[in-house]
2 protein chains.
Amino acid sequence: MEKEKTDKKDHILDVAEKVFAELGYDGASTRVISGEAGVNMAMLNYYFGSKEGVFLAIFERRIASFQSTLLGIGADESKDSWEKLNKYVESYVDRVINNNCFHVMLNREISKSKKTDLTDKITDIIMKNVAVFQQIIAEGIASGQFNNDVDEALLTATLFGTKNYMVNTHHISSRVIGYDVMDRKNQDELLKPRLKTYLKKLLKAYLQPENDNNN
Amino acid sequence: MEKEKTDKKDHILDVAEKVFAELGYDGASTRVISGEAGVNMAMLNYYFGSKEGVFLAIFERRIASFQSTLLGIGADESKDSWEKLNKYVESYVDRVINNNCFHVMLNREISKSKKTDLTDKITDIIMKNVAVFQQIIAEGIASGQFNNDVDEALLTATLFGTKNYMVNTHHISSRVIGYDVMDRKNQDELLKPRLKTYLKKLLKAYLQPENDNNN
DNA sequence: TTTTTCTAATCAATCGTTTGATTAACTTTG
DNA sequence: CAAAGTTAATCAAACGATTGATTAGAAAAA
């Protein structure tokens with residue numbers, strides 16, 4: 001019974017995550033979510049208190065494991081900066097594409113200009129992932145492994161922005177890249193390896209010290 | 001009178017653009033928009049037919065001039081590929097940041113997974129800008145000015161994704177970059193030149209043929 | 001006057017949420 | 001064991017509030 005209850009709650013969150021990604025937080029009604037999940041509308045409030053409670057529950061389910069993986073890479077003393085950077089990129093691409101619905105949902109809500117409790121909460125969470133990346137860059141520069149003429153902040157924007165572009169604006173990215181980026185098979189066989197290879201190469205070109213990139 | 005009417009319609013669109021960016025299409029009610037614009041609610045329907053009509057009117061007001069500028073750069077025979085690329089980046093950064101509310105609004109709606117008439121329309125418009133960029137890259141590769149081992153599609157994702165990250169997720173990008181990216185003064189004095197310099201340098205590092213970037 | 005612009009009042013529809021009743025399963029009691 | 005009591009889970013129905021849209025008519029402009 002306890003197990004069944006958890007499964008059911010998880011099922012509701014799975015469906016809600018997808019519907020929120022499809023229609024946005026405001027566009028997704030509790031009736032659509034409950035209908036698509038095959039449960040009574042009142043169950044959303046019974047389990048999660050409110051519509052916002054559903055949204056936050058989706059959050060807390062995804063965050064914990066996601067953070068720890070990236071933090072572990074940043075703290076790994078056995079790797080040099082280049083290895084950390086490549087490992088970060090690979091882990092990040094895998095996790096984001098595997099949970100693309102969640103990241104679409106997350107980025108839609110953070111892109112609201114108006115500051116709310118929700119945007120604050122999302123910002124804090126995302127900043128932790130950003131901080132790990134920036135720490136890797138800073139260490140690489142300090143140790144001389146990376147070029148010291150680097151715009152760390154905008155390089156961060158490039159890494160996360162490229163990712164966002166691929167998963168968040170998939171109507172466009174699918175046409176740019178030539179296949180449906182929301183298709184699971186394409187994601188695993190084509191998109192993931194291609195995006196990893198590309199990002200590592202792009203970062204290498206920009207960060208490697210032997211090049212003289214000054215304009 | 002015709003002039004006054006146009007001014008009023010323009011004022012409504014200015015306000016609506018801002019509110020849509022703040023709250024999203026679904027989150028922005030006609031009452032809030034009309035209230036903030038200081039006009040009667042019924043005026044939205046009187047002038048634009050419907051809420052969606054307001055949204056589309058914002059669109060058509062921004063698009064025409066935006067397209068022509070970029071198309072002109074791509075077609076300029078007097079420039080080589082590097083010059084075209086740099087000019088494209090500069091024009092693009094200027095236009096996007098000057099109209100940041102519009103681009104926030106635009107990207108929020110395109111990020112809905114579900115395909116609608118609206119997402120189709122937005123996709124077609126954006127693809128035109130993308131096509132100009134990709135044409136510049138393709139020409140540069142063909143002429144030997146750029147490296148021929150280039151992932152054009154993902155480089156496109158990087159250019160537009162970096163831009164999106166800065167203007168669309170401004171709660172995050174402001175913290176990453178250290179100042180408020182939505183402040184007009186910061187945008188003109190700090191963000192625009194920095195983003196232009198960075199993107200040109202990044203593209204140069206990735207595209208220049210003399211480097212041996214293969215892994 | 002005729003036409004255009006604007007408003008207050010109102011519409012049906014939909015929103016998120018709450019309610020009271022019912023079901024099913026487990027515990028306690030006799 | 002069986003009856004009574006207790007609990008969480010589920011449901012259909014309804015709640016008040018808000019949504020986008022429409023109306024009839026006043027006000028202003030021509």
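Quick note on labels: first sequence line is chain A, next is B, and so on, each numbered from 1.
In this structure, A:M41 atom CE and D:dC11 atom C1' are separated by 10 Å, rounded to whole Å. Protein atom CG of A:D26 is 20 Å distant from nucleotide atom P of D:dA17, rounded to whole Å. Nucleotide C:dT10 holds its P atom 14 Å from the CG atom of B:N40, rounded to whole Å. Atom CG in B:L56 sits about 15 Å away from atom C1' in D:dG20, given to the nearest Å. As a whole-Å value, the separation of A:L44 CG from D:dT10 C1' is 13 Å. In this structure, B:I33 atom CD1 and D:dA21 atom P are separated by 10 Å, rounded to whole Å. Rounded to an integer number of Å, the gap from A:L23 CG to C:dT14 C1' is 15 Å. Across the protein-nucleic acid pair, B:M43 atom CE and D:dA28 atom P stand 14 Å apart, rounded to whole Å.
Look at B:K8 and you'll find a side-chain N or O under 4.0 angstrom from OP1 or OP2 of C:dC6. The phosphate of D:dT19 has OP1 or OP2 within less than 4.0 Å of a side-chain N or O from B:S29.
A:L155 and A:Y206 get closest at one heavy-atom pair: CD1-CD2, 3.7 Å.
Both A:N45 and A:G27 lie near DNA chain C, and the one whose nearest nucleotide falls closer to the 5' end is A:G27. Ranked by how close their nearest DNA chain D nucleotide is to the 5' end, B:T30 and A:Y46 are led by A:Y46.
Ion pairing between a basic and an acidic side chain is recognised when a charged N comes within 4.0 Å of a carboxylate O; B:K115 and B:D120 show such pairing.
The CZ atom of B:R108 lies 14.5 Å from the OG1 atom of A:T169; values are rounded to the nearest 0.5 Å.
Helix bend of the helix from C:dT1-D:dA30 to C:dG30-D:dC1: the angle between its two end axes, each built from five pairs, comes to 10° after rounding to 10°.
Under a cutoff of 6.0 Å and an axis angle of 45°, B:K51 and B:F20 do not form a cation-pi pair.
Side chain to side chain, B:T158 and A:T158 fail the donor-acceptor criterion of an N or O pair below 3.5 Å.
Candidate nucleotides D:dA21, D:dT22, C:dG16 were compared by shortest atom distance to the side chain of B:A42, and D:dT22 ranks first.
You'll find the side chain of B:T119 stays beyond 4.5 Å of the side chain of B:E109, heavy atoms only. Taking the side chain as every heavy atom from C-beta outward, A:K201 and A:Y198 never approach each other to under 4.5 Å.
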